[in-house]
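In what follows, a single structure is set out as structure tokens and then discussed.
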Amino acid sequence: MIAAPRLGVGAFIRDESGRLLLVQRRREPEAGHWGLPGGKVDFGETVEAAVRREIEEELGVVLRLDGLLCLVDQIDRDAGTHWVAPVYRAAITKGDPANREPAALAAIGWFALDALPQPLTLATRAAIEAAPA
């Protein structure tokens, strides 16, 4: 039986050359996969505040959000999980990304869209499909 859906957030962050910032997950769901930085929304927190907070905690950078890119439903009936995750287009306004949560993230990196690491998370694949060229 699936528990109540949980709310997560993600950031689609590209640099001046068009590379995408990805993190490699250590934890489920999708441990070992490369994905967009993000996390969960805390009670009483707005979605936009959550994406800013999560990225600052994970990577030590401050973001400008440039609008909603897509909404991802990640439903795993076998695991009994359902995450709903709005993904925002974003840009770094302060700081250089660094792995501030090594227990949660195995690695971080900038990647050209035609040379992405594998495997990619479901939310990352959806965001790439939704992103303008």
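Here the structure is a predicted model, which means the values were calculated and not measured.
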Say whether, by atom type as modelled, one donor and one acceptor occur between the side chain of Glu56 and the main chain of Val61 under 3.5 angstrom.
no
Can you see which heavy atom on Ala11 is nearest to which on Ala90, and at what distance?
CB-CB, 4.3 Å
According to salt bridge (charged side-chain N to carboxylate O under 4.0 Å, His left out), who are the partners of Arg14, at least two apart in sequence or on a separate chain?
none
Please say yes or no: joined through hydrophobic side-chain contacts below 4.5 Å, possibly via intermediate residues, are Val87 and Leu7 part of one cluster?
no
So ring-ring contact (aromatic ring centres under 6.0 Å, His included) across residues 10-29, not counting sequence neighbours, yields none
So Ile13 and Ile55, side chain to side chain contact (heavy atoms under 4.5 Å, CB included) or not? Walk me through it.
CA-CA 10 Å; Ile13 305 167; Ile55 304 314; 4.3 Å; yes
Can you sort out the partners of Asp15 under side-chain hydrogen bond (donor to acceptor under 3.5 Å, both in side chains), two or more places apart, ordered by chain and number?
Ser17, Arg19
Neighbour count above 12 (heavy atom, 6.0 Å) for Glu16 CD:
no
Backbone N or O of Pro29 within a donor-acceptor pair of the Arg25 side chain at under 3.5 Å?
yes
Please list, chain by chain and in numerical order, all residues satisfying side-chain contact (heavy atoms from CB on, under 4.5 Å) with Leu68, sequence neighbours excluded.
Pro86, Tyr88
Which pairs, with at least one residue in residues 58-72 and sequence neighbours excluded, count as a salt bridge (charged side-chain N to carboxylate O under 4.0 Å, His left out)?
Arg64-Asp66
Residues clustering with Trp83 (ILVMFWY side chains joined when closer than 4.5 Å, directly or via others)
none
Flag yes if Leu21 and Leu116 sit in one hydrophobic cluster, no otherwise; membership is Ile, Leu, Val, Met, Phe, Trp, Tyr, and two members link when side-chain heavy atoms are under 4.5 Å apart.
no
Which pairs of donor and acceptor atoms, one on a side chain in residues 91-111, lie under 3.5 Å apart (sequence neighbours left out)?
from	atom 1	to	atom 2	distance (Å)
Thr93	OG1	Val62	O	3.3
Asn99	OD1	Glu101	N	3.0
Asn99	ND2	Leu105	O	2.9

Trace of the side chain to side chain contact (heavy atoms under 4.5 Å, CB included) decision for Glu30 with Gln74
CA-CA 11 Å; Glu30 299 178 295; Gln74 182 172 352; 3.2 Å; yes
Across all chains, not counting sequence neighbours, the side-chain contact (heavy atoms from CB on, under 4.5 Å) partners of Ala31 are Glu28
Output, in order, the C-alpha distance, side-chain angles, deciding distance and verdict of side chain to side chain contact (heavy atoms under 4.5 Å, CB included) for Val84 and Arg6.
CA-CA 6 Å; Val84 178; Arg6 299 192 62 197; over 6 Å; no
Report the residues that fulfil salt bridge (charged side-chain N to carboxylate O under 4.0 Å, His left out) with Glu45, sequence neighbours left out, ordered by chain and then residue number.
Arg53
Treat each ILVMFWY residue as a node, draw an edge where side-chain heavy atoms are under 4.5 Å apart, and state whether Leu63 and Val23 are in one component.
yes
Going from OG1 on Thr81 to CG on Asp78, what distance comes out if it is rounded to the nearest 0.5 angstrom?
9.5 Å
Hydrophobic clusters here meaning ILVMFWY residues chained together by side-chain heavy-atom distances under 4.5 Å, can you tell me if Leu20 and Trp34 are in one?
yes
When rounded to the nearest 0.5 angstrom, what distance separates NE2 in His82 from CD1 in Ile75?
4.0 Å
Side-chain donor-acceptor pairs of residues 121-133 under 3.5 Å, sequence neighbours excluded:
from	atom 1	to	atom 2	distance (Å)
Thr121	OG1	Thr124	N	3.2
Thr121	OG1	Thr124	OG1	2.7
Thr124	OG1	Leu36	N	3.0
Arg125	NH1	Leu120	O	2.6

